[in-house]
Amino acid sequence: MTLEQIKKLATESEAVTGHVIELLVALQDSDEETRAWASDALQTLEVLPRELADQVAKSCLSPHAPVAAWACKLLTKLGSEATNYQSAIVACLNEHPVLSTRQQAALALASVPELGSVAIEALRRAADSDDPRLKRLATNALTSVEA
């Protein structure tokens with residue numbers, strides 16, 4: 001996908017739906033501007049189509065931090081279906097080597113409608129983190145679950 005195609009998608013939000021996976025791939029590009037525009041395009045997506053959920057869930061453990069972070073965020077755009085994909089976000093929270101990506105996973109879990117016990121336990125562990133931001137995001141997610 002070229003930079004010009006990505007720029008066009010970022011300004012035409014209805015066209016993004018069919019290009020979610022390509023945009024996730026573009027987040028791995030060596031060009032910073034390409035990555036920024038891909039992120040801008042993904043930002044316009046309001047609802048993740050259910051047929052893309054399995055592919056997006058697999059990206060939660062991508063070694064590329066922006067891809068994994070965006071995958072977690074995109075799964076929350078499934079609405080009530082996000083509950084079915086919380087294990088992918090939990091895996092990112094528990095296992096991703098990049099702290100900012102784990103932070104994004106904690107933030108994403110706060111948007112999942114019904115968290116299971118595994119997700120709640122992962123958030124409790126994250127709430128005990130030495131990193132103040134991860135601790136805050138996990139604590140906020142737990143608060144929203146328990147409210």
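Below, each value reflects all heavy atoms present in this structure, side chains not excepted, and no hydrogens, waters or symmetry copies.
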Between [X] and [Y], what is the shortest heavy-atom contact and its length?
{"X": "Pro113", "Y": "Ala82", "result": "CD-CB, 4.1 Å"}
{"X": "Leu52", "Y": "Thr17", "result": "CD1-O, 3.5 Å"}
{"X": "Ala141", "Y": "Ala106", "result": "CB-O, 3.8 Å"}
{"X": "Ala122", "Y": "Val90", "result": "CB-CG1, 3.8 Å"}
{"X": "Leu23", "Y": "Ala41", "result": "CD1-CB, 3.8 Å"}

Validation: residues 67-78 side-chain donor-acceptor distances under 3.5 Å, sequence neighbours left out:
from  : atom 1 : to    : atom 2 : distance (Å)
Trp70 : NE1    : Ser39 : OG     : 3.1
Thr76 : OG1    : Lys73 : O      : 2.6
Lys77 : NZ     : Leu45 : O      : 2.8

> Only one of Asn140, Thr139, Leu134 clears side chain to side chain contact (heavy atoms under 4.5 Å, CB included) with Arg136; which?
Replying inline: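 Answer after filtering Asn140, Thr139, Leu134: Asn140.
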
Rounded to the nearest 0.5 Å, what's the gap from [atom1] on [X] to [atom2] on [Y]? Could you check?
{"X": "Arg102", "Y": "Ile89", "atom1": "CZ", "atom2": "CD1", "result": "16.0 Å"}
{"X": "Leu107", "Y": "Leu137", "atom1": "CG", "atom2": "CG", "result": "5.5 Å"}
{"X": "Leu42", "Y": "Thr44", "atom1": "CG", "atom2": "OG1", "result": "7.5 Å"}
{"X": "Leu99", "Y": "Arg133", "atom1": "CG", "atom2": "CZ", "result": "8.5 Å"}

Single-linkage hydrophobic cluster, 4.5 Å side-chain cutoff, [X] and [Y] together:
{"X": "Val20", "Y": "Leu27", "answer": "yes"}
{"X": "Leu61", "Y": "Val98", "answer": "no"}
{"X": "Val112", "Y": "Ile120", "answer": "yes"}

>> Taking CD in Glu32 as the centre, count heavy atoms belonging to other residues, nucleotides or ligands within less than 6.0 Å. Is the count above 12?
In response: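 No, not enclosed.
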
> For Glu114, does the CD atom sit with more than 12 other heavy atoms under 6.0 Å from it, leaving out its own atoms?
Replying inline: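 No - once you tally the heavy atoms of other residues, nucleotides and ligands closer than 6.0 Å, there are 12 at most.
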
Is there a donor-acceptor contact under 3.5 Å from the side chain of [X] to the main chain of [Y]?
{"X": "Arg35", "Y": "Ser30", "answer": "yes"}
{"X": "Gln86", "Y": "Thr83", "answer": "yes"}
{"X": "His96", "Y": "Ser62", "answer": "yes"}

> Are Glu33 and Lys7 ion-paired here, with the side-chain N under 4.0 Å from a carboxylate O?
Replying inline: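 A salt bridge links Glu33 with Lys7.
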
> Is there a donor-acceptor contact under 3.5 Å linking the side chains of Gln5 and Thr2?
Replying inline: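 Present: a donor and an acceptor within the cut-off.
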
> Taking atom types as modelled and ignoring hydrogens, do the side chains of Asp40 and Gln43 form a donor-acceptor contact shorter than 3.5 angstrom?
Replying inline: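 Looking only at side-chain atoms, Gln43 and Asp40 do not form any donor-acceptor pair under 3.5 Å.
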
> Can you check side-chain contact (heavy atoms from CB on, under 4.5 Å) on Asn94 and Arg125, steps first, answer last?
Replying inline: CA-CA 9 Å; Asn94 287 337; Arg125 281 192 305 276; 3.2 Å; yes

With heavy-atom distances below 4.5 Å as the criterion, would you say the side chains of [X] and [Y] are in contact?
{"X": "Leu9", "Y": "Trp37", "value": "no"}
{"X": "Val56", "Y": "Ile21", "value": "yes"}
{"X": "Cys92", "Y": "Thr101", "value": "yes"}
{"X": "Met1", "Y": "Val25", "value": "no"}

> Does Ser111 have any side chain to side chain donor-acceptor pair (under 3.5 Å) partners at least two apart in sequence or in another chain, and if so, which?
Replying inline: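 Side chain to side chain donor-acceptor pair (under 3.5 Å) list for Ser111, sorted by chain: empty.
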
>> Set out, in order, the CA-CA distance, both residues' side-chain angles and the distance that settles side-chain contact (heavy atoms from CB on, under 4.5 Å) for Asp128 and Lys135, then state yes or no.
In response: CA-CA 6 Å; Asp128 287 335; Lys135 183 177 199 140; 5.6 Å; no

